[in-house]
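Take a look at the structure set out below.
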Amino acid sequence: MKRNPLIEQRIEKVKELKDAGVNPYPYKFFKQYDIKYLLDNFEQFNETTQISTAGRIMFMRLMGKATFMHIADASAKMQIYCRVNELGKEIFEQIKKLDIGDIIGVTGVLFKTHSNEKTILVNKFELLSKSIRPLPEKFHGLKDTETRYRQRYVDLIMNDKVKELFYNRSKIIETIRKFLNSKNFLEVETPMMQTIPGGAAARPFITHHNTLDMDLYLRIAPELYLKRLLVGGFEKVYEINRNFRNEGISTKHNPEFTMLELYSAYDDYFDMMNICEQIFHEATKVVNNSDDVIYQGNNISLKPPFGRQTYFGALDKALNTDTRKLSETELKECCKKNHIELSANMSRIEMINELFEKLVEPTLIQPTFIYDYPIELSPLTKAHRSDNRLVERFELYVAATELANAYSELNDPLEQYNRFLEQQKIKEQTKTDEIFDKIDFDFLRALEYGMPPAGGLGIGIDRLVMLLTGAESIREVILFPQLRYEEFDDF
RNA sequence: GGACCGCUAGCUCAAUGGUAGAGCAACGGACUCUUAAUCCGUAGGUUGAAGGUUCAAGUCCUUCGCGGUUCACCA
């Protein structure tokens, strides 16, 4: 138990308050107005109208018999003015004992200072919560990334831009919901804990249910459950929720991340392109009030229609050849030329994909749908209607990052079974975890009842928020990003 | 997991291998229109941790911890 002396001082103050019969943590305060409302509607109040509001003290400028403070609430911050004339000596002394960080309620009238700043002249105040831990410095704020992520609450107190970002995140998701609801999509919730983690290829987190005595997996995707709902007769469904992938952490990856997945019966992947474009466009209009967004120095236009290139069209252009006609040796040479490390028994398709990631992805700055993927990469996608080496799939790239993924969904149960078996074979060869080998037979059974033709679309919400808010790291758009366990030795 | 960078007072930052400092915050005092208020004074440190080299280590070396960037992984 070694406490910071600054905290010890404040704990002393709390004791003094309690001894004087003041509850430093009272139950209720009638907060009549948000601060932003007072600022925006300043003119409607005259200098005798009593108003009340509440907030956290962020600045204090104490003088002998008068004090200016800034208090901040969720909406804005505002100056308050306390004067011994209005409050009397005793109350004014109490005001002087307040600390930066304390949450107070104030009652008073509005006026403008000589420098024209909208201010509350306080005639009554109440301590609503005593802060015993000092806030960061008022001018430079909190900069340390580790503290910002670990103690997001302090980050939010100190950095208005962070608060604004999370308001925008909420607005983006709200916009998506409104848009989809207006198109008759039904929002649903499907299991986070699954017995067979499917719908993507990623290592899952494992947990255990005691009563059932069985292992469960946190979902890596909701896909297979949402498709079951198409079988059940819902024609347009979506889910915005967390996926969990037990993979590396980076500026673009958090172990739990938010995904929008939607499915629309009787549509194909081209329809998904349209919906995808509209969602991106609506969201950027709401957040940035514009069709454009500046991301990492690039001016990016999110006005539909987005660019469209086929997977091999883009790759052939980059390589200046017909990639599919290259022999295995030629492919290997091509990889070497482009500084791609070749691991032992790398398949053709793996080399092709490496080339794509290395040569094409970094060039995709403006929104671009890359479509018609090689069939080997997509076990849940319908084969291309006119080329059986391809599937009807697209990924949306913006700023060299994958932001969305969509298919004409495979609904042929026999074909789906074969594709699962193919995947199983590949997994066996590459010797990844055995859990991937499990085939979801209930999903196949559902398909056997008949799933309507459908388009499906997934959008990485965190990455969309990054794009629209200019965030360089996914941790900036997740309130509490995953960090290592922190040891406490000062409590 | 690899490479590189960082970790100094509550916060933001200084300190050629040679006595650990400043601003803000805190504490005491002055001040009834301040705006990062001002003025006078006081206190505050196991320099992320543990070893090592050295007459001498915040600084150099090793290991470890935490964070960041990047690569790998993530079809």
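Letters A, B, ... mirror the listed sequences (proteins, then strands); counts begin at 1. Predicted model, so just to flag it, every value in this text is computed and none were measured.
Remark: A:Lys13 is in phosphate contact with B:C27, judged by side-chain N or O atoms under 4.0 Å from OP1 or OP2. Here A:Arg245 does not reach the OP1 or OP2 of B:C73: none of its side-chain N or O atoms lies under 4.0 Å away. Contact annotation: A:Ser250 does not reach the phosphate of B:C74 (side-chain N/O to OP1 or OP2, under 4.0 Å). When the side-chain nitrogen and oxygen atoms of A:Lys138 are compared with OP1 and OP2 of B:A25, one or more of them lie within a distance under 4.0 Å. Between B:U34 and A:Arg61, no contact under 4.0 Å exists linking OP1 or OP2 to a side-chain N or O.
Look at CD on A:Glu354: it is 13 Å from P on B:C71, rounded to the nearest Å. In this structure, NE2 of A:His253 is placed 16 Å from C1' of B:U69, rounded to the nearest angstrom. Here the C1' atom of nucleotide B:U70 and the NZ atom of A:Lys252 are 12 Å apart, to the nearest Å. The CD-C1' distance, from A:Gln482 to B:C66, rounds to 14 Å in whole Å.
Between A:Lys227 and A:Glu409 there is a salt bridge, since a side-chain N of the basic residue sits under 4.0 Å from a carboxylate O of the acidic one. Between A:Glu256 and A:Arg242 there is a salt bridge, since a side-chain N of the basic residue sits under 4.0 Å from a carboxylate O of the acidic one.
Rounded to whole Å, the C1' atom of B:U12 lies 28 Å from the corresponding atom of B:A30. Between B:U59 and B:G18, the two C1' atoms lie 11 Å apart (nearest whole Å). Comparing the P positions of B:G68 and B:C55 gives an interatomic distance of 40 Å, to the nearest angstrom. Taking atom C1' on both B:U34 and B:C11, the two are 23 Å apart, rounded to the nearest angstrom. The C1' atoms of B:C7 and B:C13 are separated by 13 Å, rounded to the nearest whole Å. The separation of B:C60 from B:G1, taken at their P atoms, amounts to 26 Å, rounded to a whole angstrom.
The side chain to side chain donor-acceptor pair (under 3.5 Å) test applied to A:Asp160 returns A:Lys77, not counting sequence neighbours.
For A:His114 and B:C33, the ring-to-base geometry satisfies the stacking test (centroid distance below 5.5 Å, interplanar angle below 30°).
Pairing for B:G58 is absent, judged as Watson-Crick or G-U wobble with the two contacts each under 3.5 Å. Pair assignment for B:A49: B:U63, on the basis of Watson-Crick or G-U wobble contacts that are both within less than 3.5 Å. Pairing of B:A15, defined by two Watson-Crick or G-U wobble distances under 3.5 Å, is not identified with any nucleotide. Of the nucleotides present, none pairs with B:A25 by Watson-Crick or G-U wobble criteria with both distances under 3.5 Å. B:C74 is unpaired under the Watson-Crick or G-U wobble criterion, no partner having all donor-acceptor distances under 3.5 Å. Using N1 to N3 plus N6-O4 or O6-N4 for Watson-Crick, or N1-O2 and O6-N3 for G-U wobble, each under 3.5 Å, B:U69 pairs with B:A3. Across the strands present, B:C31 finds no partner; the criterion is a Watson-Crick or G-U wobble pair with both atom distances under 3.5 angstrom. Pairing partner, B:A43: none, since no Watson-Crick or wobble contact has both distances short of 3.5 Å.
Ring to ring, A:Phe68 and A:Tyr81 are close: their centroids are under 6.0 angstrom apart.
Listed candidates were B:U12, B:U32, B:G67. Nearest to the side chain of A:Tyr81 is B:U32. With B:U32, B:U35, B:U34 as the choices, the nucleotide that has an atom nearest any side-chain atom of A:Phe68 turns out to be B:U34. The A:Thr113 side chain lies nearest to B:C33 when the options are B:A37, B:U12, B:C33.
Remark: A:Arg228 is positioned above the aromatic ring of A:Tyr225, its terminal NZ or CZ atom under 6.0 angstrom from the ring centre and at most 45 degrees off the axis. Figure legend: A:Arg393 and A:Tyr373 shown as a cation-pi pair, the cationic atom lying under 6.0 angstrom from the six-membered ring centre and within 45 degrees of its axis. Judged by the 6.0 Å distance and 45° axis criteria, A:Arg245 is not positioned over the aromatic ring of A:Phe257.
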Could you list the protein-to-nucleotides 29-31 of chain B atom pairs, N/O on both sides, closer than 3.5 Å?
from  : atom 1 : to      : atom 2 : distance (Å)
B:C31 : N3     : A:Gly64 : N      : 3.3

Could I get a table of every N or O pair under 3.5 Å where one atom is in the protein and the other is in nucleotides 1-10 of chain B?
from  : atom 1 : to     : atom 2 : distance (Å)
B:G10 : O4'    : A:Asn4 : ND2    : 3.0

